[in-house]
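I have placed the structure first, in the form of structure tokens, so that the comments after it can refer back to it.
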Amino acid sequence: MSFSRKVKEELAEQVSKARHCQIAELTALFHCCGQVVRNQDGKFSAKFVTENLTVARKYSILINKAFHFHVEMTVRGHQYILYILEPEEAFTFFQAMKLLEGKALVHDLVVQRNCCKRAFIRGLFLACGSVTDPDRGYHLELALGTLQKAEEFIRLLGAFDVEAKCVERKKNYIVYVKEGARIVDLLNVMGAHVALMDFENVRILKEMRNSINRQVNCETANIKKTVSAATRQIEDIQYIKETSGFGMLPKGLAEMARIRLEHAEVSLKELGQMLDPPIGKSGVNHRLRKLSAIAEEMRNGVAEKNVTD
């Protein structure tokens, strides 16, 4: 079972006890899957179409809880079609959700309370949302049809400090959240607490792996850098030895050169402890830089002599 389906099944099990929250969630579901049907005689009926049985069941349960209306359901292919055919019931249904008042997404009165905002967001995700399995990446999105609806929904999420963005895709407007922490916040807003814990467990493991990988990469880079530096130092000291020997060097540098050649594999700190008297890591580094500078001067001198000759 996909992670997105797990989230939806968890949300489908939640039925608010408060009627105002039931109406808010119904509004979201109907917004995505419903149609206001006006018959030839001017009377209304409500039609709801979805391919998701979980969504169809939640819609039916909420109508029964909030209105005690009878809902007729038919199955056509992969579609579940639910009707409120009684005109007076349909009109009451539309009035409660403020659907006849021309708001693009949802009327302010329907989501006046924070609990109703949560219910509306839950219903909207249940009907037209999806979330990627956290093992594969962090991405949650809802398809909302128009830019105005997308912008309204982004403002609604802002009430819970959840930042979302919008992108146009195939003449549809998608509101999406890509950061793991923000997806966790949104799952919490909707009340998907079991899914939230599953998501967090995966996210923590991934962050631990990434942290370990970064540490290993950093240590590997440092080792490569140290080996490269040691190789250059030994080449420079060997050049000095073969060109003029260590007799022309000051006593401290000559001692440093001999010990570096004899102990090519040890660290700067260990080299310093082998000297008499011992010196610190910075002192060892200073002497090795001097030896490299001397080797470079000697190379340049040889090059200039060759040019002159």
Side-chain angles (χ1 to χ4, degrees), residues 1-14 52 54-55 58 114-115 117-144 150 153-167 169 173-232 264-273 280-282 284-285:
M1 183 188 296
S2 71
F3 183 74
S4 192
R5 184 175 172 185
K6 287 180 182 178
V7 174
K8 291 191 176 187
E9 289 196 354
E10 183 180 356
L11 296 179
E13 293 297 320
Q14 297 187 32
N52 190 325
T54 301
V55 173
K58 184 68 178 287
N114 271 350
C115 57
K117 289 184 177 72
R118 291 175 185 271
F120 183 85
I121 293 168
R122 179 167 59 245
L124 211 59
F125 178 83
L126 191 58
C128 61
S130 64
V131 57
T132 303
D133 191 310
D135 279 321
R136 295 187 359 238
Y138 304 142
H139 186 87
L140 182 150
E141 69 177 40
L142 297 93
L144 293 176
F153 185 62
I154 288 172
R155 285 195 294 272
L156 190 64
L157 293 178
F160 300 98
D161 296 323
V162 176
E163 292 184 15
K165 295 182 180 180
C166 176
V167 64
R169 186 192 300 158
Y173 286 86
I174 310 297
V175 173
Y176 68 92
V177 180
K178 290 190 76 70
E179 294 181 29
R182 300 200 186 283
I183 293 174
V184 167
D185 290 342
L186 187 48
L187 291 173
N188 184 51
V189 167
M190 294 188 294
H193 299 120
V194 174
L196 184 156
M197 293 304 297
D198 291 342
F199 190 98
E200 276 288 62
N201 287 338
V202 173
R203 194 162 73 100
I204 289 168
L205 286 173
K206 287 177 72 173
E207 288 181 357
M208 285 177 62
R209 285 194 216 105
N210 291 339
S211 178
I212 291 169
N213 287 339
R214 283 193 297 270
Q215 188 175 353
V216 169
N217 291 339
C218 183
E219 289 176 356
T220 301
N222 287 337
I223 290 170
K224 287 181 179 178
K225 185 178 178 182
T226 300
V227 170
S228 178
T231 302
R232 287 197 305 272
E265 74 287 352
V266 303
S267 66
L268 297 185
K269 183 178 180 181
E270 292 172 304
L271 285 175
Q273 293 171 348
K281 182 178 175 180
S282 61
V284 172
N285 203 28

> Do Val7 and Leu187 come close enough that some side-chain heavy atom pair is under 4.5 Å?
Replying inline: yes
>> As a quick check of understanding, evaluate side chain to side chain contact (heavy atoms under 4.5 Å, CB included) for Leu142 and Tyr176, giving each step before the final call.
In response: CA-CA 6 Å; Leu142 297 93; Tyr176 68 92; over 6 Å; no
> Got a sec, which residues hit ring pair (Phe, Tyr, Trp, His ring centres under 6.0 Å) with Tyr138, two or more places apart in sequence or on another chain?
Replying inline: Phe199
> Are the charged groups of Arg169 and Glu141 less than 4.0 angstrom apart, N to O?
Replying inline: yes
> Could Arg203 and Glu200 be called an ion pair, given the rule that one side-chain N must be under 4.0 Å from one carboxylate O?
Replying inline: yes
> Do Phe160 and Asn114 come close enough that some side-chain heavy atom pair is under 4.5 Å?
Replying inline: yes
> Looking at side-chain heavy atoms only, is the closest gap between Glu163 and Arg182 below 4.5 Å?
Replying inline: yes
>> Please find the pair of heavy atoms, one from Ala192 and one from Leu11, that lie closest to each other, and give the distance.
In response: CB-CD2, 3.8 Å
> Tell me the side-chain hydrogen bond (donor to acceptor under 3.5 Å, both in side chains) pairs involving residues 184-199, sequence neighbours left out?
Replying inline: Asn188-His193
> Would you call Cys128 and Leu144 a side-chain contact if the rule is heavy atoms closer than 4.5 Å?
Replying inline: yes
> When rounded to the nearest 0.5 angstrom, what is the spacing between NZ in Lys281 and NZ in Lys269?
Replying inline: 9.0 Å
> Rounded to the nearest 0.5 Å, how far apart are CD of Glu10 and OG1 of Thr54?
Replying inline: 13.0 Å
> Which heavy-atom pair separates Gly272 from Val284 by the least distance, and what is that distance?
Replying inline: CA-CG2, 3.3 Å
>> Looking at Lys8 and Gly129, would you say the former's side chain and the latter's main chain have a donor-acceptor pair under 3.5 Å?
In response: yes
> Closest approach of Gln14 and Lys58, non-hydrogen atoms and distance?
Replying inline: O-NZ, 2.8 Å
> Quick one: are Phe125 and Ile121 in side-chain contact, heavy atoms under 4.5 Å?
Replying inline: no
> Rounded to the nearest 0.5 Å, what separation is found between the CD1 atom of Ile174 and the NZ atom of Lys165?
Replying inline: 16.0 Å
> With a 4.5 Å limit on heavy-atom distance, are the side chains of Phe3 and Asp135 in contact?
Replying inline: no
> Are Ile154 and Cys166 side-chain neighbours, meaning at least one heavy-atom pair lies under 4.5 Å?
Replying inline: yes
> Between OG of Ser4 and CG of Asp133, what distance do you get to the nearest 0.5 Å?
Replying inline: 10.0 Å
>> Please report the interatomic distance CG(Leu126) to CG(Asn52), rounded to the nearest 0.5 Å.
In response: 7.0 Å
>> Assess whether a salt bridge exists between Glu9 and Arg5, defined as any Lys/Arg side-chain N lying under 4.0 Å from an Asp/Glu carboxylate O.
In response: yes
>> Working to the nearest 0.5 angstrom, can you tell me the gap between Ile183 CD1 and Glu179 CD?
In response: 9.0 Å
